[in-house]
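Report on one structure; see the data block that follows.
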Amino acid sequence: MKIFINGKELSATLENEKNAYEVLKPVEEWCNSNSFLINRIIIDEKELSPDINKEYEAMQIENIKKIEIEALSHSEYYLSSIISIIEYIEKVSKTDSATLTENDIEALKDGIFWILDSIPRAIFLCNMNLETHGIIHILKMLEVKLERLNTITDNEKEDEEYLDKVKEFFGDDLKPFINDKVLPTMELVLEDAKINTMLIFANDINENNALYKIGTLPKFQPFIIEILDEVVEKLQTGKDKEAFIYAEKFSRIVGLSFSILSKVAEICSIDYSNIKIENISLIDAINDFNSMMNNLLEAFSNEDYISIADLLEYEIKEKIENIMDYIPLLEEYIERLNV
């Protein structure tokens, strides 16, 4: 039997374990003691409950070929909650009112209630404020929409045109509100949540989690590039004020990424001049990036917005991607240290 955590195969040897519970329980305890949460468990391609309960005792290890475990830091787990909320809202926003059935409407009511209940909790856990981006106002308005939907379904079911009235309300009122107000607000919330996740993630790095932290860093690459692209787009369309806001966000998340690299190097005593790809060391790649960032700062001080956009789009983006290419080598190095 093979055991994988976040795609990495465990080298531990099984001794007296007889069932999946005895294998997974120590993993859960290690995760809990190191501020991780088990998010998914897949046994032989079948996804099961992430709660390690007694049902796993019936699964004998001789009948299992592979166990895959996805563990997330607390901040990543909270971020995934916000992403799940947004994915559901996007699904609702794309629903054609003409296709709604009575069952769909009841599910929609439950879904809106779930949104109203989940957003405040997820935002709180991501160390954000409900006042930010007018979230409280959005939630109050959504609550009013739910009350209206409840009124239609509770008082007018005897009306032969009941379903048509619900569809009309959904298409003319609720759906535009979701598209025009809720989704744009939640996209801003998600940006802040990702930054806060990186901030929390960059803290409390130690010998036990250094491998996980460095191996998870590439997960943030799409977000870094996304913010970089926002700076470029705002500059190219003359939205200088918004560009500066995104430039500050970009600077912050890049700083957090390099903070993780620095802390892991210190904790694991890694000389980045020895980590090389085609004779170019990681320290050289970092220095090259820092030099380019200095050029960017100079362009900002000169208000040379064309140069800023070009540097970000054609130079800095590539250098970020190049640095992330070194992460697998760092993982291998740290794994050898732990053998």
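As the structure is a computational prediction, the values presented were derived from the model and not from experiment.
Every ring pair (Phe, Tyr, Trp, His ring centres under 6.0 Å) that F220 has, sequence neighbours left out, goes to F201. Contacts of I227 classified as side-chain contact (heavy atoms from CB on, under 4.5 Å), with partners at least two apart in sequence or in another chain: E191, F223, Y246, K249, F250, I253.
One distance of note links CD1 of I334 with CD1 of I270; it measures 4.0 Å at 0.5 Å rounding.
A donor-acceptor pair under 3.5 Å is absent between the side-chain atoms of E266 and the main chain of K263, judged by distance alone. Put simply, the side chain of K234 never gets that close to the backbone of D240: no donor and acceptor are under 3.5 Å apart. With hydrogens and angles ignored, the 3.5 Å screen pairs a side-chain donor or acceptor of T151 with a backbone N or O of E147. For N129 (side chain) and E131 (main-chain N/O), a donor-acceptor pair under 3.5 Å exists by modelled atom type. For the pair N39 (side chain) and A71 (backbone), a donor-acceptor distance under 3.5 Å is absent. Without hydrogens or angle criteria, N302 side chain to E298 main chain gives a donor-acceptor distance under 3.5 Å.
Among residues at least two apart or in separate chains, side chain to side chain donor-acceptor pair (under 3.5 Å) pairs with a member in residues 86-101 are T101-D104. Screening residues 22-32 for salt bridge (Lys or Arg N to Asp or Glu O under 4.0 Å) gives K25-E28 as the qualifying pairs, with residues at least two apart or on separate chains. Sorted by first and then second residue, the pairs that involve residues 276-288 and meet salt bridge (Lys or Arg N to Asp or Glu O under 4.0 Å), not counting sequence neighbours, are D288-K319.
Residue F4 qualifies as enclosed at atom CZ: its count of foreign heavy atoms under 6.0 Å is above 12. The 12-atom threshold is not exceeded at OH of Y77, counting heavy atoms of other residues, nucleotides or ligands nearer than 6.0 Å. Atom CG of N274 has more than 12 neighbouring heavy atoms from other residues, nucleotides or ligands inside a 6.0 Å radius.
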Please report, to 0.1 Å, the donor-acceptor pairs under 3.5 Å made by any side chain of residues 192-200, with sequence neighbours excluded.
unit_1 : atom_1 : unit_2 : atom_2 : d
D192   : OD2    : H133   : NE2    : 2.7
N196   : ND2    : C126   : O      : 2.9
N196   : ND2    : N127   : O      : 3.2
T197   : OG1    : A193   : O      : 2.7

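Y272 has its ring centre no less than 6.0 Å from the ring centre of Y326. The distance between the ring centers of Y78 and F124 does not fall below 6.0 angstrom. Proximity of the aromatic rings of F300 and F244 is defined here by a centroid distance below 6.0 angstrom, and this criterion is met.
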Quick one, N19 with E57, criterion side-chain hydrogen bond (donor to acceptor under 3.5 Å, both in side chains). Give me CA distance, side-chain angles, the key distance, then yes/no. CA-CA 5 Å; N19 54 57; E57 290 183 350; 5.8 Å; no
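A salt bridge does not link E62 with K18: none of the charged nitrogens is closer than 4.0 Å to a carboxylate oxygen. With respect to the salt-bridge test (charged N to carboxylate O, under 4.0 angstrom), the residues K165 and E168 do not qualify.
Taking the six-membered ring for Trp and thresholds of 30 and 60 degrees, F289 and F258 have nearly parallel ring planes, at less than 30 degrees apart.
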